[in-house]
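The sequence lines fix the lettering, A, B, ..., with proteins before strands; numbering per chain opens at 1.
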Amino acid sequence: MKAFGRLYQRLDSTTSINLKVEALVQYFEETPPRDAAWGLNLLLGKRQRRMVTSRMLRDAFLRSFPDFPEWLLEESYGHVGDTGETVSLLLASRGICPNESQHSVSLSSWMEDRISKLSGKEDQQRAEKIFEWWSRLSVDECYLLNKLLTGGLRVGVSQKLVVRALSKWSGISEAELTHRLMGEFEPSEENFQRLLSEGGGKKVPSQPYPFFLASPLEENDWKSLDFNHLQLEYKWDGIRAQLIFREGEVFLWSRGEDLITNQFPEIVEAASNLPQGTVLDGELLCWNEDQPLPFSFLQKRLGRKKVSSKLLESHPCILLAYDCLEANGEDLREHSLKERREILEKLIQDCDEPRLKISSCLSADSKESLEILRNSSRDFGAEGLMLKKKESPYLSGRKRGHWWKYKVDPLTLDAVLIYAQAGSGRRANLFTDYTFALWKDSELVTFAKAYSGLDQKEIEELDRWIRQNTRERFGPVRSVEPFHVFEIAFEGISESNRHKSGIAVRFPRILRWRKDKVVSEADTLMNARKLLEAA
Amino acid sequence: MTQKPLLSLDSSGLGCESGRFHVDPWRPVDQAVITHGHADHARSGSKAYFCAEGSGDILRQRLSGDFQLTEVPYRKKFKLGKTWVSFHPAGHVLGSAQVRVEGLQSVWVVSGDYKRNADPTCEGFEEVPCDVFISEATFAMPVYHWKEGIEVVKDLQRWWSAEPNHPSILFCYAFGKAQRVLAELSKLTDRTVYLHGAIETLMPAYRNRNVSFVPNQTVSSVERGHAFAGDLILAPPSAHRSAWMKRFKNPQTAFASGWMQIRGARRRRGYERGFVLSDHADWSGLVRSILASQAKTVYLTHGQTEVLSRFLMEEHGLDVKPLKTHFGDEQIEEQFAESVS
């Protein structure tokens with residue numbers, strides 16, 4: 001773990017991309033494949049198993065230091081915003097960590113032989129084991145260990161940088177490596193070596209292609225748009241997904257590379273009517289007749305181990321396909337969108353499955369007609385338009401000049417800040433999680449939480465104000481004087497019982513701090529309801 | 001009949017009625033007793049100032065307008081109104097003091113800002129027994145735990161010498177922290193360190209007190225062609241991302257502050273490295289000092305007062321109250337340091 005610890009420190013203490021790549025290359029060079037496989041897994045932030053919950057980690061600390069008041073640990077956690085870090089700082093203050101680590105156990109051995117063996121242990125046994133580790137590791141390594149235990153390690157490098165370093169070291173192109181790394185990566189010596197072997201080994205049926213992403217349409221993109229060579233579609237407000245049917249098995253991947261097959265059994269059923277060796281790119285949506293339902297419906301379907309038949313009936317989903325990446329087992333990504341579209345249309349038609357639909361093409365021949373389409377897209381349950389060059393290949397990641405997204409302007413309301421809570425990570429011990437309210441008669445009712453939209457200076461200014469104008473505390477949450485008005489932007493609005501107002505909005509963020517407005521000028525719930533009815 | 005406390009808050013700050021003075025007032029008063037020269041504690045406009053020996057040069061430099069200034073050696077009692085007042089080392093910065101006030105009924109100590117770690121630029125904190133102790137609480141969370149300054153500065157020197165090709169810029173408060181780093185560095189190297197103008201303005205006060213430093217000179221006094229490759233430069237945080245930075249090609253940057261203990265705090269400030277170096281007491285320093293004061297009543301000002309109060313009440317049975325002051329706003333000091341450079 002020492003080597004990985006050093007790498008972590010090096011990545012953590014520079015913002016220079018070159019230095020980060022250099023550190024990564026050196027790590028891959030010097031690390032045996034079995035450890036490098038684990039290192040890569042952690043660097044990519046691939047799903048980590050959580051062997052210990054944050055609560056268990058805190059419990060292990062309290063059992064190790066029975067004189068330490070539990071409330072003080074909770075307060076410390078509230079201040080730092082991260083359990084692993086809080087505990088390692090408290091360990092440092094207790095002086096139990098040696099200056100130099102006394103462990104020379106490799107990362108793979110930590111992961112395979114030690115950390116994974118913790119599950120199933122009794123609380124006391126687990127705490128004793130963890131304490132034994134703490135007392136032999138340096139403070140920095142304790143932090144790392146805590147993050148590995150809780151499965152929450154995030155390293156300050158993007159996948160792109162890791163791939164760049166891996167490519168630099170191995171000589172395999174970045175595009176090829178990106179593809180090989182898609183899907184699941186079980187960290188083992190064998191898999192690591194296969195990843196870097198000549199042919200990349202045999203691909204497993206579940207392996208998805210890297211997603212190709214559109215860029216926001218900007219003012220100077222207009223010049224390069226040729227309406228004769230553009231394919232126009234709605235931009236749907238669902239979940240981007242890749243549907244794979246290979247060797248008799250269906251796999252459904254989300255954009256975040258989560259395997260979500262089990263959450264959409266009706267899609268799986270429908271997809272098995274496709275020919276073998278088919279990969280489609282499309283949008284998962286809750287659907288009613290010929291219209292998508294709001295995103296809040298789709299949310300109900302997420303994060304479940306099993307979907308009940310009742311939910312399947314009340315929240316039916318479809319895949320609205322817009323691209324075909326593989327047909328008859330052949331990789332089509334080098335073909336033009338025009339050709340892929342023809343294949344896609346035929347596939348969907350032949351399959352004749354109501355839960356596999358195709359995203360229709362729209363037509364516009366000028367900027368004006370495009371604007372009209374965009375402005376009416378909300379009426380069709382969409383959040384704007386997609387513009388794709390008919391000649392475009394299916395690339396990976398965000399490459400400019402082929403696909404654009406042209407979203408509708410967000411909806412906005414002026415709302416009053418009434419609660420605040422400290423954030424975590426970069427925003428630890430700063431009040432950055434805000435709750436906003438609207439007027440309902442003479443009462444302020446909450447309708448949205450927002451975390452982003454202010455710059456650092458404004459965040460700090462507001463943080464100071466919140467500290468000075470706290471009315472009450474409810475655990476980590478503070479209620480503040482209703483004083484500041486913010487313009488809140490959001491993408492959609494729907495009924496909900498999560499907030500007092502009875503409405504919920506999608507992707508709320510702060511557009512502007514309306515210092516020019518006083519509290520009484522904030523919007524009313526009535527105004528919000530009007531938006532809801534119009535939607 | 002309850003007695004009026006010796007010190008209490010009024011609109012000008014922490015006042016002593018029977019002594020007819022205020023400690024670190026935030027509005028002009030007739031007599032101001034000053035704990036130290038940071039801008040949130042030493043404000044202009046009062047008629048007469050009293051400070052500990054060592055603080056005089058700083059105050060004369062920083063306070064504006066007409067005023068009288070009396071410098072008193074540490075531990076020497078002087079009479080103000082019906083009270084006896086004396087200064088005792090606080091270990092915070094050059095000339096920083098705790099203020100001991102002896103009334104007819106009780107002895108109070110106002111800590112000002114203080115720390116317990118060694119600092120070659122000022123006298124170490126002195127434990128002063130009292131009935132009522134008013135303590136700062138800037139870093140009153142158990143996650144704050146400081147290593148000795150020399151250890152941190154050794155880390156700093158390693159960071160600096162590992163980069164021979166580009167400038168290394170360390171951001172730190174211009175008054176106190178910068179000089180502490182320069183003094184600790186003098187034990188480790190004799191290479192010249194370069195200073196931002198805001199730091200240089202404080203240097204004469206230290207030289208007058210014979211504090212020894214690593215060789216240093218201002219950035220502006222260096223000839224134009226000098227690239228600062230492999231050099232260490234000290235600057236106040238306000239210089240970060242300012243036009244002043246243009247002079248340095250691809251520098252590595254770091255910030256020296258107690259706040260750097262928390263990763264999130266470092267990341268959001270955008271520094272590559274954080275060195276945990278504070279001129280305030282850490283958690284154990286606060287608890288130790290408060291217990292050593294033997295005070296039965298403790299007031300806590302600026303910082304994480306609630307957590308420390310609860311800890312002292314529940315674990316040590318002390319009577320602890322919060323005191324809402326205008327201290328602890330480091331921005332005031334930063335803006336001030338910037339404005340005089």
Side-chain angles (χ1 to χ4, degrees), chain A residues 9-16 18-20 61 65 67-69 71-82 84-95 97 99 139-140 143 147 154 156 422-430 432 455-457 459-461 463-464 467-468 470 473, chain B residues 139-147 151 155 158-159 162-163 165-166 240-241 250-255 259-276 282-285 287 302-316 324 326 328-332:
Chain A
Q9 295 302 335
R10 279 180 75 183
L11 294 174
D12 201 41
S13 59
T14 180
T15 49
S16 152
N18 288 339
L19 287 179
K20 284 189 179 191
F61 178 83
F65 300 98
D67 63 322
F68 198 93
W71 67 266
L72 192 54
L73 178 61
E74 295 301 324
E75 288 282 356
S76 300
Y77 165 71
H79 183 72
V80 175
D82 179 290
E85 186 181 358
T86 307
V87 169
S88 65
L89 289 171
L90 293 176
L91 289 170
S93 76
R94 287 284 166 145
C97 301
N99 285 335
V139 173
D140 287 342
Y143 171 72
K147 301 299 280 182
R154 283 176 59 188
S424 59
R426 191 185 289 262
R427 294 160 155 220
N429 74 55
L430 266 187
T432 53
D455 64 27
Q456 194 59 33
K457 231 178 156 170
I459 286 175
E460 281 167 19
E461 182 184 347
D463 176 76
R464 266 200 301 279
R467 285 170 200 278
Q468 284 158 10
T470 297
R473 291 153 176 262
Chain B
F139 287 103
M141 276 285 178
V143 293
Y144 293 107
H145 173 75
W146 313 143
K147 289 202 274 186
E151 297 305 317
D155 285 345
R158 269 193 287 277
W159 168 78
E163 177 51 279
N165 302 318
H166 298 284
H240 191 37
R241 296 188 176 150
N250 300 321
Q252 57 169 355
T253 60
F255 186 37
W259 301 114
M260 297 295 98
Q261 183 90 272
I262 312 279
R263 292 167 48 80
R266 192 191 82 226
R267 279 161 59 214
R268 70 168 170 261
R269 282 172 210 235
Y271 301 104
E272 292 158 319
R273 268 299 285 269
F275 293 102
V276 184
D282 61 8
W283 171 264
S284 63
V287 173
H302 60 288
Q304 311 286 336
T305 54
E306 291 116 10
V307 173
L308 184 55
S309 320
R310 181 168 170 195
F311 180 79
L312 292 171
M313 288 193 283
E314 290 187 7
E315 303 291 318
H316 297 282
K324 209 168 171 172
H326 293 196
D329 192 342
E330 282 159 353
Q331 283 220 324
I332 297 177

Checklist entry - Looking at residues at least two apart in the chain, or sitting in another chain, which of them share a side-chain hydrogen bond (donor to acceptor under 3.5 Å, both in side chains) with E461(A)? => result K515(A)
Item to check | Under 4.5 Å from any heavy atom of chain A - which part of Y144(B) | outcome: side chain
Next on the checklist: If I take atom CG from residue L72(A) and atom CH2 from residue W283(B), how far apart are they, to the nearest 0.5 angstrom?
Outcome noted: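 Reported value, rounded in 0.5 Å steps: 5.0 Å.
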Checklist entry - If you count heavy-atom pairs under 4.5 Å between each of Q252(B), K324(B), Q261(B) and chain A, which one has the most? => result Q261(B)
Checklist entry - What closest approach, in Å, do V143(B) and H79(A) show between heavy atoms, and which atom pair accounts for it? => result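 For V143(B) and H79(A), the tightest heavy-atom pair comes out as CG2-CD2, 4.2 Å.
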Checklist entry - Listed by chain and number, what are the side-chain hydrogen bond (donor to acceptor under 3.5 Å, both in side chains) partners of R467(A), not counting sequence neighbours? => result D463(A)
Checklist entry - Of all heavy-atom pairs between F311(B) and W71(A), which one has the smallest distance, and what is that distance? => result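 So the minimum-distance heavy-atom pair works out to N-CH2, 3.5 Å.
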Next on the checklist: Let me confirm one number: the OG-CE distance from S93(A) to M141(B), rounded to the nearest 0.5 Å.
Outcome noted: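 S93(A) OG to M141(B) CE: 13.0 Å, rounded to 0.5 Å.
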Checklist entry - Do P69(A) and E314(B) come within less than 4.5 Å of each other through their side chains, counting heavy atoms only? => result no
Checklist entry - Taking 4.0 angstrom as the limit, do R310(B) and E75(A) come out as a salt bridge? => result no
Checklist entry - Looking at side-chain heavy atoms only, is the closest gap between P142(B) and F68(A) below 4.5 Å? => result yes
Item to check | Contact origin within E74(A) toward chain B - heavy atom pairs under 4.5 Å | outcome: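 When you check distances to chain B, no heavy atom of E74(A) falls under 4.5 Å.
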Next on the checklist: Using a strict threshold of under 4.0 Å (side-chain N to carboxylate O), is an ion pair present between D12(A) and R263(B)?
Outcome noted: yes
Checklist entry - Any side-chain heavy atom of I262(B) within less than 4.5 Å of one from E85(A)? => result yes
Item to check | Euclidean distance, E272(B) CD relative to S16(A) OG, rounded to 0.5 Å | outcome: 7.5 Å
